[in-house]
Amino acid sequence: MRVPHDWLAAFLGDALPSVERTVELLDGLGLAVETVHELPAAPAGVVVADIREVEPIEGSDHLVRAVASDGRQNVQVVCGAPNARVGVRTALALPGAELPGAGFTVSEREVLGVTSRGVLASPRELGLYDYAGGLITFGDDVQPGTPLAEVWPAQTVIELELTPNRADAFSVLGVARDLAAKLGVPMSLPHVGADAGDPDVDDGLRLEVADSAACPRFTLRRIEGVRVGPSPVWLQRRLAGVGLRPRNNVVDVTNFVTFELGQPSHAYDRRVLREGVLQVRRARPGETVTLLDEESYRLSDDDLVIATPGGEAGSRAIGLAGVMGGLHDSVVADTDDVALEVAHFDPVVVRRAAKRHRLSTDAHYRFERGVDPDLPPRASARAAALLAEVAGGRVHAGITATGSDQARAEIAFRPSRVAYLVDLEVPLDAQRRYLEGLGCEVREAGDDAWQVRPPSWRFDLAIEEDLVEEVARLHGYEHIGQTVPAMHFVPPIQDPTHRRLKEALADAGLQEVLNYVFTGPDELARAAAPAAAVTLSNPQGVERSVLRTALYPGLLAAAALNRAVPSLALFEVGHVFLEGREEERVAMLWRGPWARGGWRADQPLDFFAVKGVLEGLAAGAGAELRCLPGRADFLHPGVSARVLWQGEEAGVLGRLHPEVAARYELGEVYLAELQLPLPAGRVRFAEVVRQPYAERDLAVVAPARVAYAELASLVRDAAGPDLASLEPFDVYQGEQVAEGQRSVALRLRFQLDDRALTDDEVDVRMGNVMRAVRDAGYDIRA
Amino acid sequence: MLEDALGAVSAAADLQELQEVRVRYLGKKGLLTQQLKGLGALPPDERREAGRVINEHKAAVEEAIRERRAALERAALDEQLAREAVDVTLPGTQLPQGGLHLLTMVTHRLLDVFTALGYEVAVGPELETDHYNFESLNFPAEHPARDEQDTFWTTDGRLLRTHTSPMQVRYMETHRPPFKVVVPGKVFRNEAVDATHEAQFHQLEALVVGERITMADLKGAIDEMASALFGAGTRTRLQPTFFPFVEPGAEFAIYWTHPRTGRQEWLELGGCGMVHPNVFEAVGYEGVTGFAFGFGIERLALVPYGIPDIRSFYQGDLRVLRQFRGAL
């Protein structure tokens with residue numbers, strides 16, 4: 001919402017503070033100032049002039065030779081504007097004038113043999129507003145020869161970023177009202193006192209409102225004898241200030257009132273209303289209407305339309321209620337009889353229609369937020385009076401209208417709640433002044449018990465807390481102190497963000513990355529990840545249309561991006577989205593070498609290097625980690641493990657399948673993806689054993705397909721409880737053992753906690769182990 | 001004989017030669033040992049004198065051997081040390097360099113602050129329902145307030161949370177006041193992505209509910225956070241604004257010295273307010289008041305480091321990510 005500072009002055013007069021102070025006040029009131037625009041005056045050296053002659057120039061299909069008069073002299077110019085016609089009053093820029101929107105200084109020049117002694121200028125060339133489709137045009141309010149800067153001075157425009165609850169502030173009136181309440185000054189209201197019209201006087205118009213819930217209030221006012229033409233300069237400048245393009249005096253008045261009072265309106269050419277009838281009804285399914293944007297819209301019975309009698313079905317839609325008027329109903333150059341619509345529409349009806357048809361207009365924007373439902377008759381009176389003033393019409397004494405003012409329910413308000421909730425001490429008289437300044441009616445119903453009736457324009461005031469905010473807001477949040485709550489709360493110590501894990505991984509040499517949760521079906525397929533379970537209905541492109549089902553595809557993409565980095569280790573902690581559940585995971589990626597030697601040999605990366613990282617994590621958490629042979633589509637079938645953490649399935653670890661690796665143009669890559677949380681183990685203290693241990697080695701020859709875990713478990717079971725540790729120290733496959741066999745050398749340590757074991761005792765235990773190995777069908781290598 | 005022996009000792013080039021010399025003179029069949037054994041053949045009156053001389057020689061040779069051994073051992077050690085010397089200026093083995101994402105570091109720092117202030121840390125789902133994301137937070141259906149948060153919807157009618165505030169309701173449903181809790185997490189907005197807007201970003205949400213929590217407590221909490229982050233006495237500011245789930249509502253800013261430009265200015269950080277009665281009603285709380293505040297984490301990472309493009313957080317380029325090391 002753009003608010004020209006000097007337009008505020010029309011409401012507040014001398015009480016309006018400087019621009020700087022106004023900005024400060026608005027920010028403090030919650031009408032956040034986004035920017036302050038300094039709009040320049042019309043450029044120097046530009047005067048109002050009438051076009052007296054126009055003739056084509058030979059050799060050009062669009063340029064004309066025009067003669068413009070500033071009242072004292074005639075100036076010949078070359079002009080290409082489509083509206084350069086005799087009788088048009090416009091702006092003449094004389095040599096020396098700098099045109100900010102055109103980026104040049106006007107000078108005398110020759111065009112196709114014609115001397116041009118100035119420039120007839122468009123609004124954009126003049127830097128006044130954004131329209132370059134023709135010359136700026138003026139009416140009788142300015143005389144030829146008037147320097148344009150005199151009637152079009154500079155203005156400061158405050159641009160507000162309004163919150164959706166403050167529908168009332170989408171007008172200069174609403175902003176001024178907040179300022180007046182804050183400053184405690186009176187405000188002059190442009191719409192008070194205007195002739196509201198007599199409903200008993202027949203104006204030849206009739207309203208048929210078929211859906212009074214969607215359209216609780218509708219007014220039509222007739223203005224006869226208008227002359228459509230350019231708006232006066234002051235009105236053009238106001239519209240330019242709020243960012244609108246002036247069109248003609250009738251349309252400009254409706255737009256002006258939209259911004260002045262926050263009430264959208266629409267002016268019909270009376271001739272369009274067959275028999276003077278205007279209808280408000282739901283659209284028929286499939287009915288079409290062509291709106292002002294020259295587009296045709298297909299309607300449904302959810303849409304509320306403005307219609308007139310006629311057409312095959314007896315009623316023809318001419319506009320989409322509260323959103324946009326129709327192409328064929330508006331005022332045209334020869335309109336002389338205007339029917340002015342000022343109505344109230346249900347916010348949700350308007351919002352749905354605008355969404356359905358993807359339309360965004362100043363009217364819909366206000367209606368969906370909520371326009372003051374009592375405003376239509378008042379805004380109608382204001383707009384009619386203005387039309388008469390600027391378009392020379394006569395306002396009809398009658399008015400045709402439906403609906404009436406609706407009293408708002410009172411809100412029970414305890415002034416003490418301001419101190420209770422905000423900790424602000426605001427005297428009662430000040431609280432009353434603030435609320436009344438905003439338009440509330442305050443009635444004292446008892447001790448600390450007020451009944452407050454909010455004004456019709458404040459939809460957002462419904463409960464006591466809303467009034468507390470109004471008092472605090474006007475009093476000023478800057479007066480709120482700072483305290484520390486007296487509260488007894490001992491937070492539990494937890495690590496829901498997996499901070500320890502992230503730090504451990506970073507310490508283990510992995511760099512954290514963050515990827516998007518959205519990805520594409522192709523990307524998941526490329527990574528051989530599970531197909532998406534959750535699809536977005538309004539994605540930012542197909543490559544972001546589904547939610548990820550695994551983290552590692554994001555790491556693969558990051559690895560591909562960082563291909564130039566010689567040795568890579570990445571991790572991510574994040575959510576994945578599966579059928580029926582959202583899961584938190586950690587994923588890790590390594591691409592070798594493990595460590596770079598540079599001038600000497602690298603330390604190679606392999607499965608066991610990365611498994612060591614996971615084992616380190618587990619050890620750090622006091623947890624037990626086991627890897628068992630497993631399969632995953634994206635992993636190398638022979639280098640792929642299920643990971644068990646504390647005995648629970650936690651995820652997978654392995655080498656990326658070479659086929660998948662090739663799709664990313666990556667070489668050997670190792671991946672792990674584990675479900676979170678990875679719980680820490682329970683620590684139990686055990687006395688340190690001070691007895692010596694006995695160490696024995698044993699080489700078991702077994703088929704290569706027998707997993708080490710299987711051998712280890714066999715040996716552990718046979719060795720009994722005194723086996724303190726078991727470790728493989730050599731794994732051999734080759735000439736020394738038979739084809740398909742593998743030798744695993746084991747180092748066993750036996751230990752008792754109260755005395756040393758004798759050799760004989762160790763021999764007995766080793767005997768048990770060897771027997772078990774042989775019973776299982778394996779050999780023992782000498 | 002003594003001269004020969006001493007000469008042989010000093011001529012021994014290494015420990016093995018020295019051992020041979022020792023055997024030659026002092027071994028069981030060594031020359032000096034033989035001489036001692038030969039004493040018995042001498043007449044008794046010569047025997048003593050001769051014995052003394054031989055023992056003197058033996059002691060001298062032993063001493064010489066000891067000295068020689070020490071010298072040889074020192075030389076051997078010197079040689080070994082020289083052999084083992086390395087060029088310490090050559091680069092070391094390059095182990096993979098790990099690190100946390102800048103956003104994680106900023107989040108950790110914030111959690112440190114809030115944990116120290118006695119807050120619990122909680123997290124919640126990213127895929128949410130309309131109920132938790134909007135309805136229970138007092139966003140009416142068909143209200144423009146929902147447009148302020150462009151939402152990613154799923155084909156089954158769920159949504160990616162547009163803020164961390166759904167966790168206010170989820171937390172309150174499972175806890176009883178009084179409490180202080182913070183919720184960090186990813187949030188999503190379906191906005192045009194550019195250098196300052198991302199479709200995915202992070203927020204931190206704080207919720208404090210108790211018997212008589214006031215807006216001054218809110219101001220105090222924001223002040224404490226600002227002082228912890230930016231130094232004692234950092235000024236903060238509340239200005240009225242609207243969020244459906246708070247009333248009164250405010251946005252808050254911190255007056256800070258921009259670490260790069262050195263200018264003092266207001267940094268608009270986030271939104272806050274007193275928990276709306278409708279939100280309490282949705283979770284069945286009565287007789288309590290509370291405040292909530294929330295803000296974007298990216299901003300606290302972008303602005304101090306002068307990172308020009310928010311998208312670089314999610315592009316996984318190590319040349320960017322690895323710049324942020326050590327303490328913040």
Side-chain angles (χ1 to χ4, degrees), chain A residues 27-30 32 163-165 348 351 368-369 421-423 463 465-466 468-469 472-473 477 480-485 487 489 491-492 496-497 499 502 505-517 534-538 540 558 561-562 565 567 569 575 577 582 595-599, chain B residues 90-91 93-101 103-104 107-108 111 118-123 125-127 142 144-145 148 152-155 178-180 184 186 190 193 199-200 208 210 213-217 219-220 223 238-242 247-248 250 274 277 289 313-314 316-318 321-322:
Chain A
D27 272 331
L29 284 164
T163 52
N165 63 320
V348 174
R351 176 178 162 81
E368 74 164 8
R369 279 160 177 74
L421 205 57
V422 188
D423 205 3
I463 59 172
E465 284 77 4
D466 295 331
V468 170
E469 178 179 81
R473 184 171 76 86
Y477 280 9
I480 299 173
Q482 49 224 38
T483 53
V484 177
M487 151 184 302
F489 174 64
T497 60
R499 192 167 168 164
K502 290 176 188 173
L505 288 172
D507 289 347
L510 289 89
Q511 170 65 46
E512 185 183 21
V513 297
L514 290 173
N515 286 298
Y516 298 104
V517 300
V534 182
T535 302
L536 297 179
S537 58
N538 56 341
Q540 295 187 336
L561 175 77
N562 292 292
V565 179
S567 151
H575 292 211
F577 304 85
E582 180 175 341
R596 286 180 64 230
W599 49 276
Chain B
L90 279 168
T93 302
Q94 292 172 51
L95 295 164
Q97 291 289 305
L100 297 178
H101 195 284
L103 292 175
T104 299
T107 304
H108 285 182
L111 293 183
Y119 285 73
E120 178 181 352
V121 181
V123 294
E126 292 165 5
L127 189 58
E142 302 287 350
E148 309 267 298
F152 284 108
W153 295 92
T154 66
T155 50
F179 56 74
K180 305 203 274 188
K186 280 199 184 81
N190 196 354
V193 173
Q200 166 180 303
V208 173
I213 301 296
T214 71
M215 204 156 169
D217 293 333
K219 178 74 162 45
D223 257 49
L238 299 186
Q239 289 189 328
T241 193
F242 169 71
E247 189 73 43
M274 302 304 291
T289 56
F313 285 140
Y314 300 105
D317 187 337
L318 291 200
L321 299 178
R322 282 187 172 163

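The chains referred to below are lettered A, B, ... by the order of the sequence lines, with proteins before strands, and numbering in each begins at 1.
No other option in B:Leu103, B:Val208, B:Leu111, B:Leu127 has as many heavy-atom pairs under 4.5 Å with chain A as B:Leu127. Highest contact tally toward chain A, considering only B:Leu100, B:Val193, B:Leu238, is held by B:Leu100 [criterion: heavy-atom pairs under 4.5 Å]. Taking B:Leu321, B:Thr289, B:Thr241 one by one and counting their heavy-atom pairs under 4.5 Å with chain A, the maximum is reached by B:Leu321. The candidate with the highest count of non-hydrogen atom pairs below 4.5 Å against chain A, out of B:Ala122, B:Ala250, B:Pro178, B:Gly210, is B:Pro178. When B:Pro125, B:Pro240, B:Gly220, B:Pro277 are compared by the number of non-hydrogen pairs under 4.5 Å with chain A, B:Pro240 comes out ahead. Per-residue heavy-atom pair counts under 4.5 Å with chain B were compared for A:Ile480, A:Ile463, A:Val468, and the maximum is reached by A:Ile480. Looking only at heavy-atom pairs under 4.5 Å with chain B, the residue among A:Ala558, A:Ala595, A:Pro485 that has the most is A:Pro485. Ranked by heavy-atom pairs under 4.5 Å with chain B, the list A:Thr497, A:Leu505, A:Asp466 is led by A:Asp466. In terms of heavy-atom pairs under 4.5 angstrom with chain B, the leader among A:Gly598, A:Gly28, A:Gly597 is A:Gly28.
Across all their heavy atoms, B:Pro91 and A:Trp599 have their closest contact at O-NE1, 2.8 Å. Heavy-atom minimum distance, B:Met215 versus A:Val422: CB-CA, 3.6 Å. Between B:Ile213 and A:Met487, the shortest heavy-atom contact is CD1-CE, 3.7 Å. Annotation for B:Gln200 and A:Asn515: closest pair NE2-O, 3.0 Å, computed over non-hydrogen atoms. What you find for B:Pro248 and A:Leu421 is that their closest heavy atoms are CD-CD2, 4.0 Å. Across every non-hydrogen atom of A:Gln540 and B:Asn190, the tightest pair is NE2-OD1, 3.1 Å.
Between the side chain of A:Glu512 and the backbone N or O of B:His101 there is at least one donor-acceptor pair closer than 3.5 Å. Side-chain atoms of A:Ser537 come within 3.5 Å of backbone N or O of B:Trp153 as a donor-acceptor pair.
Under the side chain to side chain contact (heavy atoms under 4.5 Å, CB included) criterion, B:Glu126 pairs with A:Val517, A:His575, A:Phe577, A:Glu582, B:Arg161, B:Lys186, B:Phe188, sequence neighbours left out. Partners of A:Pro164 under the side chain to side chain contact (heavy atoms under 4.5 Å, CB included) rule, at least two apart in sequence or in another chain, are A:Arg369, B:His143, B:Pro144, B:Ala145, B:Glu148, B:Phe242.
The shortest side-chain heavy-atom distance between A:Thr483 and B:Lys219 does not fall under the 4.5 Å cut-off. Put simply, the side chain of B:Gln97 does not reach to within 4.5 Å of the side chain of A:Gln511, judged on heavy atoms. Side-chain atoms of B:Thr154 and A:Thr535, non-hydrogen and from C-beta on, never get closer than 4.5 Å to each other. The side-chain heavy atoms of B:Thr155 and A:Leu536, taken from C-beta on, include no pair separated by under 4.5 Å. For the pair B:Asp317 and A:Asn562, the minimum side-chain heavy-atom distance is below 4.5 Å.
Of the two parts of A:Val565, only the side chain, counted from C-beta on, holds a non-hydrogen atom closer than 4.5 Å to a non-hydrogen atom of chain B. Only the side chain of A:Ala569 comes within contact range of chain B, judged by heavy atoms closer than 4.5 Å. Contact of A:Leu514 with chain B is made through backbone and side chain together, with heavy-atom distances under 4.5 Å. Neither the backbone nor the side chain of A:Asp507 comes within contact range of chain B, judged by heavy atoms closer than 4.5 Å. Looking at B:Tyr119, only its backbone comes within 4.5 Å of chain A, counting heavy atoms on both sides. A:Val534 touches chain B through its side chain: at least one heavy atom from C-beta onward sits under 4.5 Å away, while N, CA, C and O do not. Contacts between A:Leu29 and chain B at a heavy-atom distance below 4.5 Å involve the backbone alone (N, CA, C, O).
Between the CD atom in A:Glu465 and the CD atom in B:Glu247 there is a gap of 7.5 Å [rounded to 0.5 Å].
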Practice problem: Any chance you could lay out the side-chain contact (heavy atoms from CB on, under 4.5 Å) test for A:Arg499 and B:His108, step after step, and finish with the verdict? | Solution: CA-CA 8 Å; A:Arg499 192 167 168 164; B:His108 285 182; 3.3 Å; yes
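Between B:Tyr314 and A:Tyr516, the ring planes lie tilted relative to each other; the angle falls in the 30° to 60° range.
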